[in-house]
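Computed from heavy atoms alone, side chains included, the values below leave out hydrogens, waters and symmetry copies. Because the structure is predicted, anything quoted here is derived from the model rather than measured. Below, chain A is the first sequence line, B the second, and so on; all start at residue 1.
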Amino acid sequence: MANYENIFKKVVAHCKEYGYIFQSSEIYDGLAATYDYGPNGVELKNNIKNYWWKSMVNMHENIVGLDSAIFMHPTTWKASGHTDAFNDPLIDNKDSKKRYRADILIEDYIAKIEVKIEKDCLKASKRFGDAFNKQKFITTNSRVLDRQKQIDIINSKMNAFLSKGNLKDVKKLIEELDIKCPISGTNNWTDVRQFNLMFKTQIGAASDNSSDLYLRPETAQGIFVNFLNVQKTTRMKIPFGIAQIGKAFRNEIIARQFIFRMREFEQMEMQFFIRPGEEIKWYKYWKDFRMKWHTSLGMGEDNYRFHDHETLAHYANAATDIEFKFPFGFKELEGIHSRTDFDLKAHQECSGKKLQYFDPELEENYVPYVLETSIGLDRMFLAILSSSFTEEKLENGENRVVLNIPPILSPIKAAILPLTKKDNLPEKAREIMKSLQIDFNCQYEEKDSIGKRYRRQDAIGTPYCITVDHQTLKDNTITLRDRTSMKQERISIEKLHSIIAEKVNISRYLG
RNA sequence: GCGAGUGUAGCUCAGGGGUAGAGCAUCACCUUGCCAAGGUGAGGGUCGUGGGUCCGAAUCCCAUCACUCGCUCCA
C-alpha cells in the first residue's frame with residue numbers, strides 16, 4: 001500500500017514537472033482540490049474528448065451532440081431532485097469526532113421503533129397462532145398504536161423543521177429523543193449545519209434584484225430539458241441518444257486525491273432515449289459497449305471491473321460503475337444508469353410542457369425511458385496517466401521514466417530532433433516538421449544531447465522520435481525511434497507520414 | 001469541521017540560535033555527437049505569512065494561511 005502511495009506521489013510530481021497539471025492559483029498558495037491543465041495536459045484532455053466523441057457521436061447514426069449552458073433555470077434542479085437531495089444537514093459528535101447526517105440519525109431512531117413494532121407482532125402471532133391478523137393487530141393494539149404515533153410525530157416534526165431549514169430545532173429533536181452516537185455512546189452533539197452541495201451564484205448585477213442560480217452539478221439536465229428541441233430538429237426516432245461534454249460543479253465536503261475528486265470537474269455524458277420496458281436490453285448493450293471502449297485503448301483489461309449498485313439513486317432502476325485500478329485502488333471511472341422516465345417526467349410536471357414522443361410503430365405517445373452513460377473526464381485522464389507511468393531499469397543500469405500513453409492520446413505524436421545544431425541538420429529537421437505538423441502534433445528540439453532529448457520525450461509520452469543526422473542529407477532517410485521499445489529503424493522520409501498515421505489511426509482502435 | 005503531517009532556489013531535499021546550502025534544472029560559452037550525468041562561468045531565496053523571546057531567529061514560542069493524509073458525504 002505504501003508503494004502505491006509512493007507511485008501516486010510520483011505521478012502527481014511528474015504531472016507538474018512535465019506540464020500536465022498544475023495546482024490552481026499556486027502563487028497564492030493554491031486553492032484546495034482545484035487544478036489547472038498545462039500545455040501537455042490540455043492536449044491529452046482534448047484527445048480523450050475526441051476519442052470519446054468519435055466513438056459515441058460520430059460512429060452512431062442515432063446519437064447527436066449538444067453543448068448546453070452551465071447556468072440553468074433554478075426550477076431545473078427542483079425537478080431533478082438536486083435541490084432537496086443535495087442538501088444535507090450534518091451533525092458531529094464531539095466525543096467520537098464522527099459526522100452524521102442529522103436526518104439519518106433520526107430515521108435510524110425511527111427504524112428502531114419499527115423494529116419494536118415488528119417484535120410486538122411476532123410475539124402476538126405466537127400467542128394468537130393461526131387466528132393472528134397482523135393488519136388488525138397493528139390498527140388496534142394500544143402499545144403498537146403508541147409506537148406508531150411516536151413515529152408519526154417524530155417524522156412530521158423532522159420534516160417540518162427540515163423543510164423550513166430550522167436546524168436548531170432539528171438538534172433539539174435529536175437531544176429530546178436522546179439519540180446517541182453509536183461509536184462514543186454520548187449525546188454530546190455540535191449544532192446541525194447545512195451543507196449545500198450545489199454552488200450557488202446570482203444572475204443580475206444589482207444584488208438586490210438578482211435571483212439565485214446554481215452551477216450545474218451534472219450535465220445531464222441540459223440534455224433532458226433539450227430533449228424535444230433536439231428530437232424535433234434532428235428528426236431522431238427512438239431509440240436515439242444525446243451526448244455532451246462539459247463542466248459540472250459539486251461542493252463536495254471533501255475533495256481529495258488529486259484530480260480524482262474535484263469541486264469543478266468535467267463529464268462526458270450520453271443520454272439514450274428508449275421505449276419503456278426496453279431498459280434492461282439497452283442497459284446491457286451500453287455496459288458492454290462502454291467497457292469495449294475502455295479496453296480498446298489497450299491499458300490492460302485487468303485494470304477494469306464492473307461494480308453493480310445494490311442501493312439505487314432516486315431516479316434509477318439499475319446502475320453499474322466501471323471501476324479502474326487507480327494507484328489507490330479500484331475506483332469509479334464511469335457510471336451506467338438506467339434512469340427510467342424519472343427526469344423527463346419531473347421536467348414535464350415542473351414545466352407544464354409535454355415531453356413525450358409519438359412512437360409511429362406503436363402508435364402511441366409516451367415519456368421515453370433513459371439510459372445514461374457518464375464518464376469523468378478528469379478521472380479518465382488520471383487513469384491514463386497513472387497506468388502509463390512506468391519506471392524502468394535499463395540493461396546498462398540506468399533508470400528511465402516513460403509514459404506509455406496510448407499513442408492516439410499522446411499530446412505529441414512525434415519529436416523531430418537534429419542530431420547536432422550545425423551542418424544544416426536543423427534546417428532539414430524543420431523541413432520535416434513542416435510536412436508533418438499539419439496532421440500530427442509535433443515538437444522540434446535541438447537542445448542537449450540526443451539521449452537527453454529522447455528521455456524528455458519519453459517522459460511526456462511521445463510515441464516517436466525522428467532523428468536527423470548527416471546521412472539524412474545524403475539519402476533522405478532518418479532514424480525513427482519507438483518510445484516503448486526504444487528500438488530504432490532507418491527509414492526514408494517519404495514513409496514517415498504513413499507510419500505515424502498508421503500508429504495513431506483511430507480505426508486501429510475503434511474499428 | 002476534527003485529528004495528524006508538511007511549508008527553505010524551478011524540482012527533490014539538507015541545515016534545528018551566529019553571513020542561506022547541495023544535487024538536478026535554467027542561461028552563456030567550450031566540448032561531445034544515437035539513449036538523461038564533460039568543462040568553465042552566471043543568474044536565482046525577506047526559509048509560507050504576522051507577531052513575540054533574544055545582542056542576534058530559517059532555527060525557540062504564539063497566532064495565522066495554504067497544501068497533503070485520515071474521518072463524515074459522494075447521483
By ring pair (Phe, Tyr, Trp, His ring centres under 6.0 Å), which residues pair with [X], not counting sequence neighbours?
X         : value
Tyr37(A)  : Phe381(A)
Phe273(A) : Phe227(A), Phe240(A)
His73(A)  : none

(request) Give the stems involving RNA chain B, where a stem is 3 or more consecutive Watson-Crick or G-U wobble pairs (i with j, i+1 with j-1, and so on) under 3.5 Å. (result) B:1-7 with B:65-71, B:10-13 with B:21-24, B:26-30 with B:38-42, B:48-52 with B:60-64
(request) Report the residue (Met486(A) or Leu31(A)) whose heavy-atom-nearest nucleotide on RNA chain B is the more 5′ of the two. (result) Met486(A)
(message) Looking at Asp482(A) and Lys503(A), is there a salt bridge between them, counting it only when a charged N and a carboxylate O are closer than 4.0 Å?
(response) yes
(request) Answer yes or no: is there an ion pair linking Arg400(A) with Glu392(A), defined by an N-O contact shorter than 4.0 Å? (result) yes
Please list, chain by chain and in numerical order, all residues satisfying salt bridge (Lys or Arg N to Asp or Glu O under 4.0 Å) with [X], sequence neighbours excluded.
X         : value
Asp36(A)  : none
Arg305(A) : Glu323(A)
Glu391(A) : Lys10(A)
Lys287(A) : Asp308(A)

(request) Just grab all the salt bridge (Lys or Arg N to Asp or Glu O under 4.0 Å) pairs involving residues 371-385 of chain A, residues at least two apart or on different chains. (result) Arg339(A)-Glu372(A)
(request) Using the C1' atoms only, state how far rG50(B) lies from rC2(B), rounded to an integer number of Å. (result) 25 Å
Grab the N/O contacts between the protein and nucleotides 30-34 of chain B below 3.5 Å, and write none if there aren't any.
unit_1  : atom_1 : unit_2    : atom_2 : d
rG33(B) : N2     : Leu419(A) : O      : 3.2
rC34(B) : O2     : Tyr454(A) : OH     : 2.7
rC34(B) : O2     : Gln488(A) : OE1    : 3.3
rC34(B) : O2     : Gln488(A) : NE2    : 2.2
rC34(B) : N3     : Thr479(A) : OG1    : 3.2
rC34(B) : N3     : Gln488(A) : NE2    : 3.4
rC34(B) : N4     : Asp469(A) : OD2    : 2.8
rC34(B) : N4     : Thr479(A) : OG1    : 3.4

(request) Establish, with yes or no, whether the OP1 or OP2 oxygen of rC69(B) is under 4.0 angstrom from a side-chain nitrogen or oxygen of Lys9(A). (result) no
(request) Mind jotting down which residue pairs meet the ring pair (Phe, Tyr, Trp, His ring centres under 6.0 Å) criterion with at least one end in residues 440-473 of chain A? Sequence neighbours excluded, please. (result) Phe440(A)-His497(A)
(request) Enter syn or anti for the glycosidic conformation of rG16(B), syn applying to angles within 90° of 0. (result) syn
(request) Let me know the distance between CD of Glu107(A) and P of rC73(B), rounded to the nearest Å. (result) 14 Å
Under 3.5 Å, which protein N or O atoms sit close to an N or O of nucleotides 5-14 of chain B? Give each pair with its distance.
unit_1  : atom_1 : unit_2   : atom_2 : d
rC11(B) : OP1    : Lys16(A) : NZ     : 3.0

(request) Just compare rU26(B), rC35(B), rC69(B) and give me whichever is closest to any side-chain atom of Arg455(A). (result) rC35(B)
(request) Classify the nucleic acid contact of Gln257(A) as base, sugar-phosphate or nothing, counting any heavy atom under 4.0 Å across all strands shown. (result) sugar-phosphate
